[in-house]
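Worksheet: one structure, shown below.
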Amino acid sequence: MIKVTQPFLPPLEEYQKYLEQIWEEKWITNGGRFHQELEHKMSQYLGVEHLSLFSNGTLALMVALQVLKIEGEVITTPYSFVATSHSLWWNGITPVFVDVNPVDCNLNPDLIEAAITDKTTAIMPVHVYGNPCDTEKIDAIAKKYNLKVIYDAAHAFNVKQDNKTILNSGDLSILSFHATKVFNTVEGGAIISPDAETKKMIDYLKNFGFENETTVVAPGINSKMNELQSAYGLLQLKFIDNNISKRKSLTELYKSRLEKIDGVELINSNDNITYNYSYMPVFIKESYKKSRNDLYDYLKSKDILSRRYFYPLITEFPVYNDLPTASKRNLPIANMKAEEVLCLPLYEELTEKQVNLICDLIRDFNS
Ligand SMILES: *Cc1c(COP(=O)(O)O)cnc(C)c1O
C-alpha cells in the first residue's frame with residue numbers, strides 16, 4: 001500500500017534523550033525550555049524575527065484573527081482546506097469567496113477589488129501547495145483599502161522568493177505542523193508576526209490572555225505547544241533540509257515522467273522560488289482518456305492512495321454553500337480545478353521505483 005503521505009518521525013533514540021530530560025525536570029508545557037528553544041531556532045531557520053508556536057494551525061489562524069480584531073467580511077479562497085474558512089466562521093466573520101487563478105490555484109488578486117464592501121476588514125489568502133501568492137499585488141490592494149492580510153501559509157514552510165522568506169508578507173502568516181505537512185510536530189502550528197508587540201499579544205492570547213499570574217488582558221484561548229512536541233520539533237529541524245531535498249528529487253522524477261503524458265497538467269515552477277515540495281498535484285484534463293475519478297479509483301485498486309485535494313471545494317460544504325459568493329458561477333476556475341486535481345503520493349521514504357510505478361500506471365491508464 002502506498003499512502004498519499006507519511007509523516008517523517010525523527011530517530012527514536014534521539015527523541016528518547018529529550019524525553020529523559022523532560023522526565024527529569026518535570027516541566028511539560030507552559031513555555032518551557034524546549035518551547036523557547038524551538039521558537040528561537042525555527043525563527044532563525046525560517047529567516048523571520050517573531051514567531052509564536054501553537055498547538056495546531058487552525059488555532060493559530062483563529063488567534064491571528066483575534067489579535068488583529070478582524071470582523072465583518074473577509075475575502076478568501078474556496079480552494080483550500082476547510083480550516084481556512086472555519087477560522088473565520090468561529091470568529092463570527094463572513095467569508096467572501098473570490099476565485100483562484102488557473103496557473104497555481106491561488107486567490108486571483110485581479111478579482112479582489114470587486115469583492116470589497118464597506119464590511120470588508122481583511123484578506124485571507126492561502127499559498128496553496130506551497131506556491132507563493134502574488135503577495136505584492138495583494139498587499140498593495142490591502143494598503144489601498146486599509147485592509148489587513150493574514151496569509152494561511154500552512155503549506156509554505158520555508159518557501160522563499162528571490163532567496164527571501166515569503167512568511168513576512170502581509171500582517172501575519174500562519175503555519176501548520178500537522179502530521180501531513182512537510183514539517184511536523186505531530187500537531188502544531190505557528191504565527192509569524194511583524195513586531196515584538198504583536199508577538200507579545202499573540203503569546204498572551206494563546207495562554208488564556210494571561211499577561212502575568214494575576215492579569216488577563218483579553219479573552220484568550222488555550223493553544224500552546226507543549227514540551228514533548230517542541231522537543232520533537234527541534235529534532236525535525238535537524239532533518240528538514242534533507243527531507244526537502246529528497247522530496248525535490250522525487251518531484252523532479254514525477255515531473256519528467258508526467259509531462260510526457262497527454263492530458264496530465266502540472267503546475268510550472270519558477271526559478272526565483274525556493275519550493276518545499278510539500279505536495280505533488282496533477283490536473284487531469286479532458287484530453288486524458290479517463291476521468292479524474294476513474295484514475296483515482298484505478299490507482300486505489302492498485303493499492304496507491306492519491307487524494308483529491310481540494311475536492312469538494314469549501315463552498316460545497318453546508319455552512320458556506322448558501323453564501324451568495326459561494327455560487328459555482330462566481331468561482332468557475334476553483335470549481336474546474338477541484339474537478340481535475342489529484343495529489344499523488346509524496347514523502348521522504350517514497351522510492352524512485354514507486355514513483356516510476358505510479359507514473360507507469362497513469363501512462364498506461366490513458367488508453
Ligand atoms: C493543514 C491546514 C490547516 C490547518 O492546520 P492544522 O494544523 O491541521 O490545524 C489550515 N490551512 C490549510 C491550508 C491547511 O492545509
Side-chain angles (χ1 to χ4, degrees), residues 4-8 38 42 51-66 74-91 93 95 97-98 100 104-107 122-133 135 138 149-159 166-167 169-170 172-192 202 206 221-226 229-230 232-233 236 267 275-281 307-317 320 334 337-338 341 343 346-347:
V4 69
T5 189
Q6 181 181 288
F8 175 81
L38 184 59
M42 189 181 285
L51 179 146
S52 304
L53 292 172
F54 274 76
S55 51
N56 63 63
T58 305
L59 283 164
L61 277 170
M62 283 169 53
V63 168
L65 290 161
Q66 282 282 322
V74 169
I75 290 171
T76 190
T77 169
Y79 195 86
S80 181
F81 182 59
V82 282
T84 311
S85 292
H86 284 358
S87 71
L88 299 171
W89 193 89
W90 275 74
N91 274 289
I93 296 162
F97 295 103
V98 162
V100 299
D104 56 14
C105 304
N106 283 331
L107 192 64
I123 309 170
M124 186 181 271
V126 181
H127 303 294
V128 180
Y129 309 128
N131 292 308
C133 292
T135 54
I138 293 170
V149 185
I150 298 171
Y151 283 101
D152 180 341
H155 300 178
F157 187 84
N158 209 29
V159 172
I166 61 166
L167 300 173
S169 316
L172 298 170
S173 288
I174 79 99
L175 292 169
S176 165
F177 310 141
H178 182 257
T180 55
K181 305 302 204 270
V182 69
F183 177 96
N184 87 80
T185 57
V186 187
E187 297 264 4
I191 301 182
I192 287 110
I202 288 167
K206 76 178 192 186
I221 199 160
N222 181 9
S223 47
K224 306 182 292 290
M225 182 181 283
N226 66 49
Q229 285 171 280
S230 302
Y232 177 102
Q236 291 285 27
I267 296 180
Y275 295 97
N276 65 10
Y277 306 96
S278 35
Y279 300 91
M280 184 61 226
R307 264 197 77 185
R308 291 163 288 193
Y309 194 60
F310 299 104
Y311 164 87
L313 283 183
I314 290 177
T315 41
E316 294 303 299
F317 298 123
Y320 307 115
K337 292 291 178 184
V341 72
C343 283
L346 183 62
Y347 48 88

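All ligand and atom numbering here is 1-based and tracks the order in the structure. Here the structure is a predicted model, which means the values were calculated and not measured.
- The option from Lys181, His178, Glu187 that lies nearest to atom 2 (C) of ligand 1, judged by heavy atoms, is Lys181.
- Of all the atoms in ligand 1, the ones that sit under 4.0 Å from a non-hydrogen atom of Tyr309 are 15 (O).
- The closest heavy-atom contact to atom 12 (C) of ligand 1, among the options Ser223, Ala154, Ala153, comes from Ala154.
- Neither the backbone nor the side chain of Phe54 has any atom closer than 4.0 Å to an atom of ligand 1 (non-hydrogen atoms only).
- Closest to atom 15 (O) of ligand 1 among all protein heavy atoms lies His155 NE2, 2.7 Å.
- Residues Asp152 and His127 form no side-chain contact, since every pair of their non-hydrogen atoms from C-beta on lies 4.5 Å or further apart.
- Looking only at heavy atoms of the protein, atom 3 (C) of ligand 1 is closest to Phe81 CD2, 3.8 Å.
- Closest to atom 11 (N) of ligand 1 among all protein heavy atoms lies Asp152 OD2, 2.7 Å.
- Between Val63 and Ser223, the closest side-chain pair of non-hydrogen atoms falls below 4.5 Å.
- With hydrogens and angles left out, the side-chain atoms of His178 and Thr180 include a donor and acceptor closer than 3.5 Å.
- Shown in contact with Ser80 at under 4.0 Å from a heavy atom are these atoms of ligand 1, numbered in order with element: 13 (C).
- Looking only at protein heavy atoms, the nearest one to atom 5 (O) of ligand 1 is Ser176 OG, 3.2 Å.
- Side-chain contact between His155 and Asn276: absent, with no pair of heavy atoms (C-beta onward) separated by less than 4.5 Å.
- Atom CD of Gln66 sits about 12.5 Å away from atom CG of Leu61, to the nearest 0.5 Å.
- Using 4.0 Å as the threshold, Gly188 has a heavy atom nearer than that to some atom of ligand 1.
- Here Thr58 has heavy atoms under 4.0 Å from ligand 1 in both its backbone and its side chain.
- Residues Phe8 and Phe183 are not in side-chain contact: their nearest non-hydrogen atoms beyond the backbone lie 4.5 Å or more apart.
- Classified by interplanar angle (parallel below 30°, tilted 30° to 60°, perpendicular above 60°), the ring pair Phe310/Tyr79 is perpendicular.
- Looking at Gly57 next to ligand 1, an N or O pair under 3.5 Å apart turns up.
- Residue contact annotation: Gly189 has no non-hydrogen atom under 4.0 Å from ligand 1.
- In this structure, Glu316 and Pro78 have side chains that are not in contact, with every pair of non-hydrogen atoms separated by 4.5 Å or more.
- Figure legend: Lys224 and Phe54 shown without cation-pi pairing, the cationic atom not lying both under 6.0 angstrom from the six-membered ring centre and within 45 degrees of its axis.
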